[in-house]
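Note that the structure is a prediction, hence the values are computed from the model and not measured. Chain A is the first sequence line, chain B the second, and so forth, proteins listed ahead of strands; every chain is numbered from 1.
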Amino acid sequence: MGKTFSEKILGKKAGKPVVAGEIVEIEPDVAMSHDNTAAISQSFYEIGVDKVYNPDMHVVILDHATPAANSKFAQNHKDIREFVAKQGIKNFYDVNVGICHQVMHEQGHVWPGAVIVGSDSHTTSYGAYGAFSAGIGRSEMAVIMARGKIWLRVPETIKIHVAGKLPAHITAKDLVLKIAKEIGADGALYKAIEFCGPTIEQMSLSGRFVLANMAAELGAKNGYVAPDEKTLEYIKSVTDKEFEIVMSDDDAEFDQIVNIDVTNLEPMIAKPHTVDNVCPVSEVKGTKIHQVFFGSCTNGRYEDFEDIIDIIDGRKIHPAVRMLVFPASMKVYKQILQQGWVEKLVDFGAVVMNPGCGPCMGNHAGILADGEICVATSNRNFKGRLGNNNAFVYLASPRTAAWCAVKGEIADFREM
Amino acid sequence: MIIKGKVWKYGDDINTDVLFPGKYTYTVTDPKEMAKIALEDLDSEFAKKVQKNDIIIGGTNFGCGSSREQAASCLLYAGVGAVIGKSFARIFFRNCINFGLPALTSPKLVDSVEHGDTIEIDTEKGTITTDKGVFEFPPLPNEVVGIFDAGGLIPYTRKMLGIE
Ligand code: SF4
C-alpha cells in the first residue's frame with residue numbers, strides 16, 4: 001500500500017516509516033513567527049535557555065500591526081528587534097517587507113519537500129509549493145527555539161479532485177468558498193487536503209496559494225498541491241536551495257475523495273459570520289455595503305490586482321463606500337507602482353495603504369463602525385474579526401469586491 | 001483529577017475570535033485582564049459570572065480559527081476547569097494541552113447536557129458524570145500525556161532539558 005504526501009514527508013523527517021494517526025517528533029526545516037515573536041521570546045526565556053537552538057531555522061516577519069498602531073505595538077516590535085539581534089536570527093523582516101506568508105515564499109524560505117511550522121494558522125499556505133506546512137501555538141514555537149523539535153500527528157488526507165474549465169473570471173477564491181460550502185468549516189479537521197485534478201494543474205501558483213491558505217478555514221492541518229514545472233521555475237527563481245520533491249504514491253490511501261466540477265461555478269461569497277456560510281453572489285445582491293477591504297495573505301498579490309484594475313479602470317468608487325487596498329508585500333507594491341496601477345486606484349477613489357495585514361484581524365487601519373458591512377478579500381469573517389463585533393464581513397474574490405465598490409452594494413460582476 | 005463545575009454551553013464552530021478577540025492579541029497580556037475579556041464577543045455575562053472549575057461545552061470544531069493560544073489561556077485564567085466538545089480544531093486542541101487545560105471529546109455528553117447543569121469529570125477514569133448518566137471520553141495519546149501531566153509544555157520542556 002502506497003503512502004500519502006504527509007506520511008512520506010513526516011516519515012522522512014522522523015527517520016522511519018509512519019502512517020496516518022501516528023505521532024512523531026521532528027525537527028522542522030523552517031519555523032516562522034510574526035508580531036507574536038515578542039510573546040514567544042518571553043516563553044522562550046521562561047524555559048530557562050539562553051541561546052536559540054538553531055537561529056537559522058527561524059524566520060521572523062513583522063506584519064500584523066505595521067507600522068505600530070500604538071505604544072504597546074511599538075514596544076512589541078522593539079522587543080522583537082532586540083531579540084532577533086541578540087539571538088543572531090538573520091532572517092528578520094521589519095515593517096517594510098510584507099505579510100508573513102507572502103514574504104516566506106518571495107524570500108526563498110519555502111521549497112518543495114520542506115517541513116515548515118509557523119505560529120500562525122494560515123501557515124498551511126506553503127503547501128501550494130509542495131511543502132508540508134502547519135500552524136502551531138506560541139509556546140510550541142518557544143520550545144522549538146529552545147530545542148529545535150516539535151511533535152506532530154501524521155494526518156489522514158482528503159483528496160479534493162477538481163475538474164472542468166473555470167468560467168471567465170471565476171477564481172480560486174470562488175472555488176475554495178464553494179469547497180467550504182460543500183465540506184464545511186470542519187470538513188478537514190486534523191487532516192491534510194491534497195488539491196489535484198486538471199483544474200489545479202491549469203491554475204496559477206497564486207491561485208493554488210489561495211486554496212492552501214484557506215485550507216486552514218476547512219480545519220485542515222496542511223494543504224498540498226503537487227509541484228510541477230510552474231512550481232519549480234518559481235522556486236528556483238527565489239532560492240538556490242537543493243530539494244527533493246515529495247508526492248503521494250499512486251496507490252496511497254486517502255481518507256475521503258471529494259470531486260468538484262467547476263464548469264458552471266458562479267462567483268461565490270461567504271456571509272457573516274462563518275467562512276462556510278457560502279452562497280452564490282447572486283443570492284445576496286443588492287445588500288448595501290460601506291467598505292471594501294482588498295488585501296491579506298489570501299488575495300493581495302499581483303494577479304489579484306490585475307483583476308481589480310480590470311474592473312475599476314475608468315470607473316469611480318460608489319460615494320457611500322471606502323475601499324482600502326493593502327498589497328501583500330513590498331514586492332507586489334513595486335509591481336503595481338511600475339504598472340501605474342496605484343494611480344488608477346487613487347483616481348478610482350481607493351486608499352492605497354502600506355503592505356501588511358491591515359485590518360484583517362482587527363488591529364488597526366480600517367476598523368468598521370457598528371452596523372457597517374464590509375466585503376473583504378481576506379479569509380475570515382468571524383464576529384469581531386475586523387475589530388468590531390457589531391459589524392458584518394462578507395468574503396469574496398478580488399473581482400467581486402471591486403465590483404461591489406463600484407456599485408455600493410453586493411453585486412455580480414457578470415452583469416457588468 | 002476531579003473537576004466539578006457548572007456548564008456554560010454554546011454551539012458549533014466557537015472560533016478563536018470570540019474566545020479572545022484578535023484586536024487584543026498584542027495589547028492585553030496580563031492574565032487578570034485576559035480573564036476579563038474571555039468570550040467577550042460571544043457571551044458578555046461569561047467573564048462576570050464564571051466560577052472556578054466551570055466547564056465550557058461547545059459543539060463541533062471548537063476553537064477554530066487563529067493559532068492564538070490566548071484563546072485557551074484566557075479560559076484557564078478565568079478559572080475554567082475543562083472544555084468539552086464534539087470535536088476540536090487542531091491548534092486550539094494543542095494549545096489546551098500545552099497549557100494543561102483538559103480538552104475532552106464527548107459528542108453524546110454534549111447533546112445531553114444543558115446550560116447551567118453541574119457535571120463532574122474524572123480525568124483518571126476518563127468519565128464525565130451528569131444527572132443523565134456517565135459518559136466516557138477517549139484518553140490523551142501517550143505521546144502527549146507527559147506534557148499535560150507536567151502542567152503544560154513549558155514546564156514539560158524544562159523537565160526534559162533538566163532545568164529546575
Ligand atoms: S493577512 Fe490576515 S490572515 Fe493573513 S497573516 Fe495577516 S492577519 Fe493573518
For a quick test of your reading: what N or O donor-acceptor pairs under 3.5 Å do the side chains of residues 81-89 of chain B make, sequence neighbours left out?
unit_1	atom_1	unit_2	atom_2	d
Lys86(B)	NZ	Asp111(B)	OD1	2.9
Ser87(B)	OG	Asn61(B)	N	2.9

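Note on Pro155(B), Ser66(B), Gly152(B): by heavy-atom pairs under 4.5 Å with chain A, the leading option is Ser66(B). In terms of heavy-atom pairs under 4.5 Å with chain A, the best-connected choice from Asp13(B), Thr25(B), Thr16(B), Thr60(B) is Thr25(B). Between chain B and the options Met361(A), Lys72(A), Lys383(A), Glu140(A), the largest number of non-hydrogen pairs under 4.5 Å is found for Glu140(A).
With a 4.5 angstrom heavy-atom cutoff, Asn98(B) touches chain A only via side-chain atoms. With a threshold of 4.5 angstrom between heavy atoms, Asp35(A) approaches chain B through its backbone and through its side chain. Residue contact with chain B, scored on non-hydrogen atoms closer than 4.5 Å, involves the backbone and the side chain of Arg385(A) alike. At a 4.5 Å heavy-atom cutoff, the contact between His64(A) and chain B is made by side-chain atoms alone. With a 4.5 angstrom heavy-atom cutoff, Asn70(A) touches chain B only via side-chain atoms. If you measure heavy-atom distances from Leu42(B) to chain A, you find no contacts under 4.5 Å at all. For Pro21(B), no part sits under 4.5 Å from any heavy atom of chain A, backbone or side chain. At a 4.5 Å heavy-atom cutoff, the contact between Ile47(A) and chain B is made by backbone and side-chain atoms alike.
Here the side chain of Glu46(A) pairs no donor or acceptor atom with the backbone of Ile154(B) at under 3.5 angstrom. Under a 3.5 Å cut-off, the side chain of Glu69(B) and the backbone N or O of Gly137(A) do not form any donor-acceptor pair. With Arg380(A) contributing its side chain and Gly65(B) its backbone, the two residues share a donor-acceptor pair below 3.5 Å.
For the pair Asp41(B)/Phe382(A), no side-chain contact is recorded, criterion being any heavy-atom separation below 4.5 Å from C-beta on.
Proximity to chain B at a heavy-atom threshold of 4.5 Å picks out nothing from residues 212-220 of chain A.
Residue pairs meeting the salt bridge (Lys or Arg N to Asp or Glu O under 4.0 Å) criterion with at least one partner in residues 361-372 of chain A, sequence neighbours excluded, are Arg322(A)-Glu372(A).
In this view, Glu25(A) and Arg147(A) satisfy the salt bridge (Lys or Arg N to Asp or Glu O under 4.0 Å) rule, not counting sequence neighbours.
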> Do Asp17(B) and His273(A) pass the side-chain contact (heavy atoms from CB on, under 4.5 Å) test, and can you show the C-alpha distance, the side-chain angles, and the key distance before you say yes or no?
Replying inline: CA-CA 11 Å; Asp17(B) 277 280; His273(A) 296 288; over 6 Å; no
